[in-house]
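Side chains are part of it too, since the values below use all heavy atoms of this structure and drop only hydrogens, waters and symmetry mates. Starting from 1, each residue takes its place in the sequence as its number. Atoms within a ligand are numbered from 1 in the order they appear, just like the ligands themselves.
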Amino acid sequence: MTREIFLDNNATTQPLPEVKAAVVAAMSEFYGNPSSANRSGERARRLLRNSRESVEKLIGATAGSVYFTSGATEANNWAIQRICHKPRDSFITTNTEHSSIKNLCDYLEANAVSVEQLPVDHVGRVLIEQVAEKISPKTSLVSVHWVNNETGTIQPVEEIAKICRERGVLFHIDASQAVGKLPVNVQTLGCDFVSFSAHKFHGPQGVGALYIRPGVRLAPLMFGGSQEQGLRAGTENLAGIAGAGAAAECRFRTFDATIKQLQTLRDQFESAVLAQIPDVFINGDPKCRICNTTNIRFNGVNGEALVARLDQRGIRCSQSSACTNQRPEPSYVLRAMGLSEAEAYASIRFSVSVQNSATEIEETVSILCDLVKELRRFTLQTAAMK
Ligand SMILES: Cc1ncc(COP(=O)(O)O)c(C=O)c1O
């Protein structure tokens, strides 16, 4: 493969060597079925238990409160669909959630569930007062993402959890972009459900989990065997889960150094872009943003063309979430923050990981400078010809 600079780490991250080794070991040495009452099954159960402990440690959860799923999409659907399933149930969320929740809202509404998608302000934060104001005795569940996948804006989930607790309302957090990048302690947070995916912190794709606060009852989404304490049927994805455990273990061990490294790389990138390219703006909350993400608006540039040109030069980044990227529509997250269509189209997300280097950042900025100049010239020429 030719050299690649991967700056699309909010879409997914490359599995660490330790993770690949854990997956291979699970497939070669732990091929028993964790539900089998034989020694192979016992070995597989042990691996499952150890992996769960590693994941629980990363989010400060008590033993047995993490249930493995196929990822955050399933975990989001599980918590929300099972709590909000009756006509006249009432669900409160925001209008900048990931598509796994945004599209679920349409389904819930079609099934007579009342859905309130709260607006965000110009930096993408939901207003705590609005959450408090909208909660009523009819509210079944509040769900807010912790960190926005496009802008990195951090939501005030601690305050929302407190309000929900005081008002006796269940609270779900989509923490897909937070786990491994923010200190997460689900117990002190006092929330009821937390969803996340392992591939956002160098684990394998197709594995994630739902944390369920002990004592909270949640019906299964799927019916079948008694796996995951009878709540998530189907033979476990043991290799994936082993990889998730290894990724969680690595991140737990290196947490402080990782956060520092991500922040340094992102800040190096952002300040170089701001210094070297005129007429660029950062989308998102300047004060409360995840350490690895920058969403940059290059005024007068066709963002889709810029992403494609960067891709040709080996630099991977995105215009919006990977799950909505195939649609040529402006980002609904940026539109919800008040950006015009043109501004949203001119915006690009760069997200770094521990596998990036300062040299890669320098190289990207230099290529970006040339491409932005070139595309702006093209925009001006096209406008002059009209
Ligand atoms: C905030 C957020 N929620 C949910 C998901 C869905 O994760 P997965 O596709 O692994 O199920 C993602 C993935 O991009 C995300 O960023």
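- Considering each of Ser197, Ser176, Gly71, the one bringing a non-hydrogen atom nearest atom 8 (P) of ligand 1 is Ser197.
- Looking at Thr73 next to ligand 1, an N or O pair under 3.5 Å apart turns up.
- Using a 4.0 Å cut-off between heavy atoms, Asp174 contacts ligand 1 through its side chain alone, with no backbone atom that close.
- Residue Lys162 forms a salt bridge (charged side-chain N to carboxylate O under 4.0 Å, His left out) with just one option from Glu159, Glu158, Glu166, and that option is Glu166.
- Under a 4.0 Å criterion applied to the non-hydrogen atoms of Asn149, ligand 1 contributes the atoms 16 (O).
- Within the 4.0 Å heavy-atom criterion, neither part of Gln205 lies near ligand 1.
- For ligand 1, none of its N or O atoms has an N or O atom of Glu74 under 3.5 Å away.
- Rounding to the nearest 0.5 Å places OG of Ser140 at 8.0 Å from CD1 of Ile83.
- Between the side chain of Thr94 and the backbone N or O of Thr96, at least one donor-acceptor pair lies under 3.5 Å.
- Under a cut-off of 6.0 angstrom, the local environment of NE2 in His85 is crowded, with over 12 non-hydrogen atoms contributed by other residues, nucleotides or ligands.
- Ligand 1 has no N or O atom lying under 3.5 Å from any N or O atom of Ser100, backbone or side chain.
- Looking at heavy atoms from C-beta onward, Ile173 lies out of side-chain contact with Phe193 at the 4.5 angstrom threshold.
- Residue contacts with ligand 1 include His199, since one or more of its heavy atoms lies under 4.0 Å from the ligand.
- Using a 4.0 Å cutoff on heavy atoms, Glu97 does not count as a contact of ligand 1.
- Other residues, nucleotides and ligands contribute more than 12 heavy atoms inside 6.0 Å of the CE atom of Met222.
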Review point. Run the side chain to side chain donor-acceptor pair (under 3.5 Å) check on Gln117 and Thr93 step by step: do they pass?
Key: CA-CA 5 Å; Gln117 295 181 59; Thr93 186; over 6 Å; no
